[in-house]
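A quick write-up on the structure given underneath.
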Amino acid sequence: MNQPGFFQITLKLFLRDGNRLLILRDKNSGQGDLPGGRLTQEEFFADWLVALQRELYEELGANAKYSINTPHFMLHKHLIDDGEHACLWIGYRGSWQGGEIRLSHEHDFMDWVDVTSYDPTTFFRGTSLEAIQEYLQTI
């Protein structure tokens, strides 16, 4: 008999400013990333938008202003920690409202890319690339 799987949950924000999408680079892996992060055990049965806002505060800083559209629009499989852990990406759409972004220690680069011409294969890999490609096909 197959054993049930155990998966982590990651909340990601596809943050747009018009035709521009905010992308980040993970400092450890050097690969493309989006703002957001994993739920803690305590957050699993709580309001996930509060958890996403916590992650965005940590990753973008206190002066970043945005709105988050609900409900989520994407579910995607994802591997983290060099493929060691299975994870479910839950994607939300967001709109940039202004302010200043101050990246956390987890990221060392950010860019606003034009969604009408962006080639994610130059920056994203694996399941993250699949999720970004899926997103770009929906716009």
Side-chain angles (χ1 to χ4, degrees):
M1 178 189 313
N2 289 335
Q3 295 295 317
F6 292 93
F7 309 94
Q8 295 182 12
I9 296 175
T10 298
L11 308 175
K12 291 293 185 178
L13 186 66
F14 290 77
L15 184 58
R16 294 272 299 270
D17 181 12
N19 279 339
R20 301 180 320 151
L21 173 70
L22 179 66
I23 60 170
L24 310 175
R25 181 173 57 206
D26 182 85
K27 191 175 188 177
N28 293 325
S29 71
Q31 294 189 26
D33 197 8
L34 294 174
R38 289 180 257 181
L39 288 177
T40 66
Q41 277 191 303
E42 295 78 26
E43 292 170 327
F44 184 78
F45 289 104
D47 183 343
W48 288 4
L49 285 179
V50 172
L52 178 55
Q53 289 170 340
R54 174 191 56 78
E55 281 289 342
L56 296 173
Y57 180 85
E58 291 173 8
E59 294 187 357
L60 302 180
N63 296 320
K65 306 293 182 226
Y66 49 83
S67 61
I68 301 171
N69 301 341
T70 58
H72 66 275
F73 77 100
M74 176 188 284
L75 299 174
H76 202 278
K77 61 185 177 277
H78 184 57
L79 291 172
I80 52 177
D81 300 331
D82 295 326
E84 295 284 322
H85 297 92
C87 190
L88 176 65
W89 250 34
I90 299 178
Y92 291 85
R93 287 184 168 97
S95 298
W96 179 246
Q97 304 295 314
E100 179 185 3
I101 295 174
R102 291 188 182 232
L103 293 180
S104 74
H105 67 280
E106 297 176 14
H107 299 97
D108 62 1
F109 173 81
M110 62 169 258
D111 193 12
W112 290 96
V113 298
D114 186 333
V115 295
T116 63
S117 60
Y118 180 61
D119 177 9
T121 61
T122 61
F123 203 53
F124 289 87
R125 300 283 179 265
T127 54
S128 295
L129 174 60
E130 292 171 6
I132 298 296
Q133 288 173 323
E134 181 180 323
Y135 169 73
L136 291 173
Q137 291 173 358
T138 69
I139 54 174

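At least one side-chain heavy atom of I68 sits less than 4.5 Å from a side-chain heavy atom of L56. Taking the side chain as every heavy atom from C-beta outward, W48 and I9 approach each other to under 4.5 Å. Side-chain contact between R93 and T138 is present, with at least one heavy-atom pair separated by less than 4.5 Å. Q97 has its side chain within reach of S67: a pair of non-hydrogen atoms, C-beta onward, lies under 4.5 Å apart. Within the 4.5 Å cutoff, no side-chain heavy atoms of R20 are placed close to those of V113. Between L22 and D17 there is no side-chain heavy-atom pair separated by less than 4.5 Å. At a threshold of 4.5 Å between non-hydrogen side-chain atoms, the residues V115 and R16 count as touching. Considering only heavy atoms from C-beta on, L34 stays 4.5 Å or farther from L15 through its side chain.
Side-chain contact, T40 with E43: a donor N or O sits under 3.5 Å from an acceptor N or O. Remark: the D26 side chain and the S29 side chain contain an N/O donor-acceptor pair separated by less than 3.5 Å. Side-chain contact annotation: R38 with Q8, donor-acceptor N/O pair under 3.5 Å present.
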Determine whether S128 and H78 satisfy the following criterion, side chain to side chain contact (heavy atoms under 4.5 Å, CB included), listing intermediate values before the conclusion.
CA-CA 7 Å; S128 295; H78 184 57; 2.9 Å; yes
Can R25 and D111 be said to form a salt bridge (Lys or Arg N to Asp or Glu O under 4.0 Å), step by step?
CA-CA 9 Å; R25 181 173 57 206; D111 193 12; over 6 Å; no
Evaluate L60 against M110 for side chain to side chain contact (heavy atoms under 4.5 Å, CB included), listing each step before the verdict.
CA-CA 10 Å; L60 302 180; M110 62 169 258; over 6 Å; no
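Separation of the F14 and F73 ring centroids falls under the 6.0 Å cut-off.
In this structure, OG on S104 lies 8.5 Å from CG on L24, to the nearest 0.5 angstrom. In this structure, Y92 OH and M74 CE are separated by 13.0 Å, a value rounded to the nearest 0.5 Å. Separation of atoms OG (S95) and OH (Y66) is listed at 12.5 Å; rounding is to 0.5 Å. Taking CD from E130 and CZ from R125, the interatomic distance works out to 13.0 Å, rounded to the nearest 0.5 Å.
Linking ILVMFWY side-chain heavy atoms closer than 4.5 Å, directly or via other members, places I132 and W112 in two distinct hydrophobic clusters. Taken together through direct or relayed side-chain contacts under 4.5 Å among Ile, Leu, Val, Met, Phe, Trp and Tyr, L75 and F44 form part of one hydrophobic cluster. One hydrophobic cluster, built from ILVMFWY side chains closer than 4.5 Å, holds both L21 and Y118.
When all heavy atoms are compared, the tightest approach of T10 to C87 is OG1-SG, 2.8 Å. Between G32 and F124, the shortest heavy-atom contact is C-CE2, 3.2 Å. I101 and A64 make their closest contact through CG1-CB, 4.4 Å (heavy atoms, listed as atom of the first residue, atom of the second, distance).
If you run side-chain contact (heavy atoms from CB on, under 4.5 Å) between K12 and each of I90, D33, L52, only D33 comes through.
Relative orientation of the F109 and F123 rings is perpendicular, given thresholds of 30° and 60° on the angle between their planes.
At distances below 3.5 Å, at least one donor-acceptor pair connects side-chain atoms of E59 with backbone N or O atoms of G36.
When the salt bridge (Lys or Arg N to Asp or Glu O under 4.0 Å) test is applied to E106, no partner is found at least two apart in sequence or on another chain.
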